[in-house]
S.K.: 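Mind having a look at this structure? Questions to follow.
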Amino acid sequence: MVASASKCRTCRAPAIIDLPRHNAHFCAEHFLQLCRRQVTKAVEQFEMLNADDKVLVAVSGGKDSLAVWDMLVELGYHADGLYIGLGIGEYSDTSADYARAFARDRGLHLVEVSLRDEYDYDVPTASRATRRVPCSACGISKRHLFDSAALKGGYTVLVTGHNLDDEAAVLFGNTLRWDVEYLARQLPVLPARDGFPKKVKPLIRLTERETAAWCIVRGIDYLVEECPMAVGNKHLAYKAALNAIEHESPGSKANFYLGFLDNMAPLLAGRSAADEHALNACSSCGAPTTGELCAFCRLVERAAAHEPVPVELLLRKGRSR
Ligand code: Q46
Ligand code: ZN
Ligand code: ZN
């Protein structure tokens with residue numbers, strides 16, 4: 001990760017990582033300290049968590065979600081995990097193993113929900129049945145199940161592992177389209193309202209390289225493989241573009257996203273039409289929605305009636321496009 005002669009900025013011991021955007025190298029101990037400080041700073045600046053919150057962390061088995069769960073427990077929060085079995089072939093089976101092993105080894109509680117077992121469908125089938133791209137069907141499912149699991153379990157906050165790279169890439173996409181509606185809602189904290197739990201993103205000040213390094217230093221085994229459905233996703237192209245800029249000009253990514261939060265987000269407050277719609281209860285599941293039936297129940301209706309679609313079928317289709 002780093003040239004062997006480099007020394008930690010704080011203690012001058014041999015460094016294990018260089019962080020060009022901080023123009024410094026760090027040893028393991030002071031790297032972890034920097035990560036904790038960045039998370040604490042985000043939590044405090046945006047009033048994400050209180051000491052007495054009951055926290056539910058959405059975990060996928062990947063580096064970000066396991067790192068944020070680990071950090072919050074280490075910082076003294078009461079935090080349980082939530083794993084959603086999306087039914088994306090082998091990827092989902094392996095990701096579940098990582099999430100379970102993490103929880104088991106640390107004596108933590110993992111709530112599990114399986115789309116196939118509990119709702120009779122999986123993401124590839126929902127994608128085919130609703131003619132949506134897999135990530136759209138997946139997103140509708142995850143958002144609904146995050147909300148319902150948090151409310152059912154009496155959790156006060158739902159945490160996701162979105163990091164600086166994720167948020168900067170989403171911001172980049174929203175800016176390229178000047179999508180004011182999405183820009184106005186791209187905040188690291190969404191307050192609880194009308195049957196939705198509070199949702200927060202404590203990793204917004206850490207890059208994915210840093211969360212991966214956190215896991216390595218802390219001995220956390222995580223699933224390195226990305227979801228096979230992400231191939232060809234625009235999000236990955238935006239990340240690559242931002243990485244190229246970051247390489248030339250370290251710190252650009254943080255300036256872009258954190259600068260947006262400081263300078264632009266306040267100007268957009270109140271510009272989201274979604275905040276204005278009156279919500280009523282879904283006639284099937286009771287979740288808040290603008291229509292009669294919520295998007296999740298409409299998706300389940302069609303996906304559960306469809307014969308199961310193996311993930312390989314969608315991947316083959318993706319390759320031949
Ligand atoms: S899990 Fe789901 Fe992601 Fe896979 S299908 Fe897309 S949204 S890429 S975070
Ligand atoms: Zn040090
Ligand atoms: Zn519903």
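In each ligand, atom 1 is the first atom listed, and ligand 1 is the first ligand listed. Computed from a prediction, not measured in an experiment: that's the story for all the values here.
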S.K.: Is Tyr182 reachable from Ile140 through a run of hydrophobic residues whose side-chain heavy atoms are each under 4.5 Å from the next?
M.R.: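 Different hydrophobic clusters.
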
S.K.: Considering only non-hydrogen protein atoms, determine which one is nearest to atom 6 (Fe) of ligand 1 and report residue, atom name and distance to 0.1 Å.
M.R.: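 Going atom by atom, the protein heavy atom closest to atom 6 (Fe) of ligand 1 ends up being Cys135 SG, 2.2 Å.
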
S.K.: Between Thr160 (side chain) and Lys201 (backbone), is there a donor-acceptor pair under 3.5 Å?
M.R.: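 Absent.
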
S.K.: Rounded to the nearest 10 degrees, what's the angle SG of Cys294 makes with SG of Cys297 at the Zn ion (ligand 3)? Could you check?
M.R.: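 SG of Cys294, the Zn ion (ligand 3) and SG of Cys297 span an angle of about 110°.
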
S.K.: Under the 3.5 angstrom rule, does the side chain of Thr290 hit a backbone N or O of Leu279 as a donor-acceptor pair?
M.R.: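 Judged by distance alone, no pair lies under 3.5 Å.
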
S.K.: Going by an N to O cut-off under 4.0 Å, is there a salt bridge joining Lys199 and Asp147?
M.R.: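 Asp147 and Lys199: salt-bridged.
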
S.K.: Can a donor-acceptor pair be found between the side chains of Tyr119 and Ser141 at a distance below 3.5 Å?
M.R.: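 No - no donor-acceptor pair under 3.5 Å links their side chains.
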
S.K.: How close does the nearest protein non-hydrogen atom get to atom 9 (S) of ligand 1, and which residue and atom is it?
M.R.: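 In this structure, atom 9 (S) of ligand 1 has Lys142 NZ, 3.5 Å as its nearest protein heavy atom.
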
S.K.: Are Leu56 and Leu190 connected in the hydrophobic side-chain network, where two residues link if heavy atoms are under 4.5 Å apart?
M.R.: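 In one cluster with Leu56: Leu190, no.
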
S.K.: Report the name of the N/O/S atom of His30 located nearest to the Zn ion (ligand 2).
M.R.: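 It is ND1, the N, O or S atom of His30 closest to the Zn ion (ligand 2).
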
S.K.: To the nearest 10 degrees, how large is the angle at the Zn ion (ligand 2) between Cys27 SG and Cys11 SG?
M.R.: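 Taking the Zn ion (ligand 2) as the apex, the two atoms subtend 110°.
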
S.K.: Have a look at His235, Glu226, His162, Met229 and point out the one with the heavy atom closest to atom 5 (S) of ligand 1.
M.R.: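 Looking at heavy atoms only, Met229 sits closest to atom 5 (S) of ligand 1.
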
S.K.: Report the nearest protein non-hydrogen atom to atom 2 (Fe) of ligand 1: residue, atom name, distance rounded to 0.1 Å.
M.R.: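 In this structure, atom 2 (Fe) of ligand 1 has Cys138 SG, 2.2 Å as its nearest protein heavy atom.
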
S.K.: Can you tell me if Cys285 has an N, O or S atom under 2.8 Å away from the Zn ion (ligand 3)?
M.R.: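 Yes, Cys285 qualifies, because one of its backbone or side-chain N, O or S atoms lies under 2.8 Å.
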
S.K.: In the protein, what heavy atom is nearest to atom 4 (Fe) of ligand 1, and what distance, to one decimal place, separates them?
M.R.: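 Protein heavy atom at minimum distance: Cys227 SG, 2.3 Å.
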
S.K.: Are any side-chain N or O atoms of Asp262 and backbone N or O atoms of Gly259, one a donor and one an acceptor, separated by less than 3.5 Å?
M.R.: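 Checked: no pair found.
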
